Amino acid sequence: MAKYNVYVTRLIPVEGLTLLRETCNVEINPEDRPLTREELLRNVKGRDGVITLLTDRIDGEVMDAAKGIKGFANYAVGFDNLDLKAATERKIPLSNTPGVLTLATAEMAWALLFAVARRLIESEKVMRSGAWQGWGPLQFIGGDVTGKTLGIVGAGRIGTAMALMSKGFAMKVLYADEVANPALEKELGARKVPFEELLRESDFVSVHVPLMPSTRHLFNAKTLALMKPTATLVNIARGGIVDDAALAQALRERRIAAAGLDVFEGEPQVHPGLLEVPNVVLTPHIASATVGTRLAMANLAADNLIAFFDGRGPLTPVNTPAVRTITPSI
Ligand code: DGY
């Protein structure tokens with residue numbers, strides 16, 4: 001039987017591709033860097049399936065270059081890099097990797113929250129510089145976490161996981177979402193509130209919405225101004241949901257106390273204003289970067305491709321219902 005022809009746009013944990021390799025010829029970008037646009041357009045040609053990354057823009061042009069493709073499997077839960085409309089018009093199914101990275105990303109939100117609240121990075125730098133003169137009652141005084149109010153913006157899988165992890169810290173939990181989350185309300189007594197009320201009342205605001213036209217710059221000069229001057233913003237979701245220029249200004253002017261950011265507008269660029277202020281902790285989009293999670297993401301992306309090939313349609317579809325309506329055979 002002819003093997004399917006698969007391309008992977010960057011090296012991912014190869015153990016996750018074992019099953020795929022049994023039935024497919026798998027070619028992987030040999031260099032540990034994103035493909036250029038030209039390379040992407042060239043390498044998708046003639047493939048049955050492609051595993052893409054959040055750094056690959058998969059639009060109509062790429063889809064046309066991949067004529068005959070059975071589907072793109074995105075190695076990420078976020079799919080703002082995929083043009084859903086173009087894919088659906090071309091009857092190309094798309095998948096993502098939800099579920100398998102929920103806990104790792106929620107843990108990273110907590111890691112940032114604590115790093116900011118307890119000033120870990122600043123104090124670690126002092127240790128390494130040799131400047132520490134011994135214990136001092138006024139050194140590196142941070143903020144309390146236990147008993148404070150946690151505001152979850154977007155109570156989907158990851159937002160819910162982060163909120164549930166707050167149990168040990170006896171926090172009051174507010175959430176803003178279009179739909180109610182009965183699990184959060186039952187487990188934590190969490191309250192669904194309007195976004196603006198969440199901003200006004202929370203000590204820690206954590207972002208968990210996807211990047212879409214309606215969430216672009218959800219956090220801007222106007223909405224950041226609603227937050228408490230003592231509050232912290234955590235973003236492990238996507239750059240672009242926060243207006244980084246407005247955030248840098250709010251941090252510089254201490255209109256909010258601090259921020260912990262894993263994602264940035266225009267990655268890998270970081271707004272220069274964010275690099276200048278001391279009250280922000282910056283990490284390089286690593287929320288899902290644990291051994292188990294990255295392997296599970298590879299497995300799921302591979303399983304999605306196999307499901308494209310055997311006609312089941314993606315296991316974790318992004319646009320499949322629309323595709324199915326048009327082509328019931330997918
Ligand atoms: C995702 O999956 O969307 C993360 O941002 C990267 O793992």
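One-based numbering, in listed order, for ligands and for the atoms of each. In this text the structure is predicted, and so the values were computed from the model without any measurement.
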Problem - Distance from atom 2 (O) of ligand 1 to nearest protein heavy atom, with residue and atom - result: Val77 N, 2.7 Å

Completion exercise
For Leu54, the atoms of ligand 1 under 4.0 Å from one of its heavy atoms are 5 (O), 6 (C)

Practice task
May I ask you to check whether Asn74 and Asn81 show a side-chain donor-acceptor distance below 3.5 Å?
Solution key: yes

Practice task
Any atoms of ligand 1 less than 4.0 Å from a non-hydrogen atom of Leu101? List them with their elements.
Solution key: 2 (O)

Practice task
Please find out if less than 6.0 Å separates the ring center of Phe195 from that of Tyr175.
Solution key: no

Exercise for the section: Kindly say whether Ile152 contributes a backbone atom to a donor-acceptor pair with the side chain of Ser206 at under 3.5 angstrom? Expected result: no

Handout entry: Part of Asn96 with heavy atoms under 4.0 Å of ligand 1, whether side chain, backbone, both or neither
Key = neither

Practice task
Determine, for Arg90 against Asp64, whether the closest basic-nitrogen to carboxylate-oxygen distance falls under 4.0 angstrom.
Solution key: yes

Practice task
Decide whether an N or O pair under 3.5 Å exists between Gly78 and ligand 1.
Solution key: yes

Problem - Numbering as shown, the atoms of ligand 1 that approach Ser288 to under 4.0 Å (heavy-atom distance) - result: 6 (C), 7 (O)

Practice task
Answer yes or no: does an N/O atom from Arg294 fall short of 3.5 Å to an N/O atom of ligand 1?
Solution key: no

Practice task
Measure from the side-chain N and O atoms of Asn5 to the backbone N and O of Gly46, and report whether any donor-acceptor pair falls under 3.5 Å.
Solution key: yes

Problem - Basic-acidic side-chain contact under 4.0 Å: Glu31, Arg10 - result: no

Problem - Under 3.5 Å: donor-acceptor pair, side chain of Asn235, backbone of Arg238 - result: yes

Exercise for the section: Look only at interatomic distance and state if Thr97 has a nitrogen or oxygen under 3.5 Å from any nitrogen or oxygen of ligand 1. Expected result: no

Handout entry: ligand 1 to Met297 polar contact by distance, N or O atoms, under 3.5 Å
Key = no

Exercise for the section: Using a strict 4.0 Å cut-off to heavy atoms of Ala76, name the atoms of ligand 1 that fall inside it. Expected result: 1 (C), 2 (O), 3 (O)

Practice task
Decide whether an N or O pair under 3.5 Å exists between His285 and ligand 1.
Solution key: yes

Completion exercise
From the list Ile256, Leu251, Val116, Thr232, side chain to side chain contact (heavy atoms under 4.5 Å, CB included) with Asn279 holds only for Leu251

Problem - Location of contacts on Val263 toward ligand 1, heavy atoms closer than 4.0 Å - result: neither

